[in-house]
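Accompanying notes for the structure given below.
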Amino acid sequence: MIIGLTGSYCSGKDTVAEYIVKKYGFKHFSLSDEIRLLMKEQNIEPTRENLIKFGTELRRDNGNGVLAKSVIKKFEDNKNYCITSIRHSEEVNALRTVKNFVLINVDAPQALRFERMQKRKRPGDPKTLEKFIELEQKESQTSGSGQQVALCCKMADIVFVNDTNDINILHEKIDNLLKSLKI
């Protein structure tokens, strides 16, 4: 099975992926890590702003599904994968060409997501709710090579609401989700 995780800032995509990898033995690929590898080769600092700019240019120059296609080439038969950082509709379309792909939109209330962002204290993260909202809107274009997070969320097969900060409750919810997927 190939599980794709998309969703807005701090909805818990990476936390969900980490658990799926640890408990269920899935292999994890992040489309953002594909960008980071290319940026490292060119000695570009991997700030959030640089990742967005580089990713947009990469999609514009090589097709909007380039990152997903790069990861798909790494798949082995009869293995389970969890893919994160899906931020463009053409990445979703490329992944849909793979057998047993399911796209999950990991969602959480905006106030909770902002609270999580404040706690993680990553360099470059917005400090105010207004900037947080502005950045989310910037990452939700509806055309072109920029990020299309909101469109990817609408393309999801399943919406998974991560509205808790209790890791045990989250793990139970993930177990129930994967059980429903027959994993």
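All of these numbers come straight from a predicted model, not from anything done at the bench.
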Exercise for the section: Hey, can you tell me if Y81 and F75 have their rings parallel, tilted or perpendicular (30° and 60° cut-offs)? Expected result: parallel
Problem - Interatomic spacing from OG in S70 to CG in D33 - rounded to 0.5 Å - result: 11.0 Å
Handout entry: By ring pair (Phe, Tyr, Trp, His ring centres under 6.0 Å) - contacts of F26 (at least two apart)
Key = none
Exercise for the section: For the residue pair Q148 and E90, establish whether any side-chain heavy-atom pair is separated by less than 4.5 Å. Expected result: no
Practice task
Report yes or no: do L178 and F101 belong to one cluster of Ile/Leu/Val/Met/Phe/Trp/Tyr joined by side chain heavy-atom distances under 4.5 Å?
Solution key: no
Handout entry: Side-chain donor/acceptor of R113 to backbone N/O of Y9, under 3.5 Å
Key = yes
Problem - Greater than 12 external heavy atoms within 6.0 Å of E172's CD - result: no
Handout entry: Shortest non-hydrogen separation from E45 to N50 and the atoms involved
Key = O-ND2, 2.7 Å
Practice task
Please tell me if the side chains of D175 and Y19 come closer than 4.5 Å, counting only heavy atoms from C-beta onward.
Solution key: yes
Problem - Residue E115 excluded, over 12 heavy atoms near CD under 6.0 Å - result: yes
Handout entry: From CD (Q118) to CZ (R120), nearest 0.5 Å
Key = 10.0 Å
Completion exercise
Of all heavy-atom pairs linking E91 and R59, the shortest is OE2-NH1, 3.5 Å
Handout entry: Nearest-0.5 Å distance, CD of residue E130 to CZ of residue F114
Key = 8.0 Å
Handout entry: Flag, side chain of S85 to backbone of S30, donor-acceptor distance under 3.5 Å
Key = no
Handout entry: Side chains of E57 and R60 in contact at under 4.5 Å (non-hydrogen atoms)
Key = yes
Practice task
Can you see which heavy atom on A94 is nearest to which on A68, and at what distance?
Solution key: CB-CB, 3.8 Å
Handout entry: Pair S145, N64: side-chain N/O donor-acceptor within cut-off below 3.5 Å
Key = yes
Exercise for the section: Is it possible for you to say whether I174 and L103 belong to one hydrophobic cluster, with membership spreading through side-chain heavy-atom contacts below 4.5 Å? Expected result: no
Problem - ILVMFWY cluster, L112 and L5 together (side-chain gap under 4.5 Å) - result: no
Handout entry: Connected via hydrophobic side-chain network under 4.5 Å: L95 and V66
Key = yes
Handout entry: Minimal non-hydrogen separation, T164 against L170, with atom names
Key = CG2-N, 4.0 Å
Problem - Test item: T56 side-chain N/O and I52 main-chain N/O as donor-acceptor pair under 3.5 Å - result: yes
Problem - Side-chain heavy atoms of V92 within contact of T6, under 4.5 Å - result: no
Problem - Side chains of M155 and S89 in contact at under 4.5 Å (non-hydrogen atoms) - result: yes
Handout entry: Closest non-hydrogen atom pair, H88 against G144
Key = NE2-O, 2.8 Å
Handout entry: N162 side chain to S11 backbone, donor-acceptor under 3.5 Å
Key = yes
Problem - Rounded distance [0.5 Å steps], CG in N100 versus CG in N78 - result: 10.0 Å
Practice task
Would you check if the side chain of D107 reaches a backbone N or O of V161 as a donor-acceptor pair within less than 3.5 Å?
Solution key: no
Handout entry: Carboxylate-amine/guanidinium contact D163 K173, below 4.0 Å
Key = yes
Handout entry: Polar side-chain atom of E34 near backbone of L67 as donor-acceptor pair, under 3.5 Å
Key = no
Exercise for the section: Carefully, step by step, assess I3 and I183 under the rule side-chain contact (heavy atoms from CB on, under 4.5 Å). Expected result: CA-CA 11 Å; I3 296 176; I183 294 176; 4.0 Å; yes
Problem - Minimum side-chain heavy-atom gap E18-V21 below 4.5 Å - result: no
Problem - Heavy-atom closest contact (N105 atom, G7 atom, distance) - result: OD1-CA, 3.6 Å
Practice task
Might you confirm whether atom NZ of K53 has over 12 heavy atoms from other residues, nucleotides or ligands at distances under 6.0 Å?
Solution key: no
Practice task
Return yes if some donor-acceptor pair links the side-chain N/O of E41 with the main-chain N/O of R36 below 3.5 Å, else return no.
Solution key: no
Exercise for the section: Begin with the C-alpha distance, continue with both residues' side-chain angles, and end with the deciding distance and a verdict on salt bridge (charged side-chain N to carboxylate O under 4.0 Å, His left out) for D157 and R96. Expected result: CA-CA 11 Å; D157 303 298; R96 287 210 189 276; 3.1 Å; yes
Handout entry: Crowding at NZ, K99 (>12 non-hydrogen neighbours, <6.0 Å)
Key = no
Exercise for the section: Decide whether V102 and V16 are clustered together by the hydrophobic rule: side chain heavy atoms of Ile, Leu, Val, Met, Phe, Trp, Tyr closer than 4.5 Å, transitively. Expected result: yes
Exercise for the section: Enter the distance from I20:CD1 to C82:SG here, rounded to the nearest 0.5 Å. Expected result: 4.5 Å
Handout entry: Atom pair NZ (K119) and SG (C10), whose distance is rounded to the nearest 0.5 Å
Key = 11.5 Å
Handout entry: F54 and I44, any side-chain heavy atoms less than 4.5 Å apart
Key = yes
Handout entry: Side-chain touch M117/L135, heavy atoms, less than 4.5 angstrom
Key = no
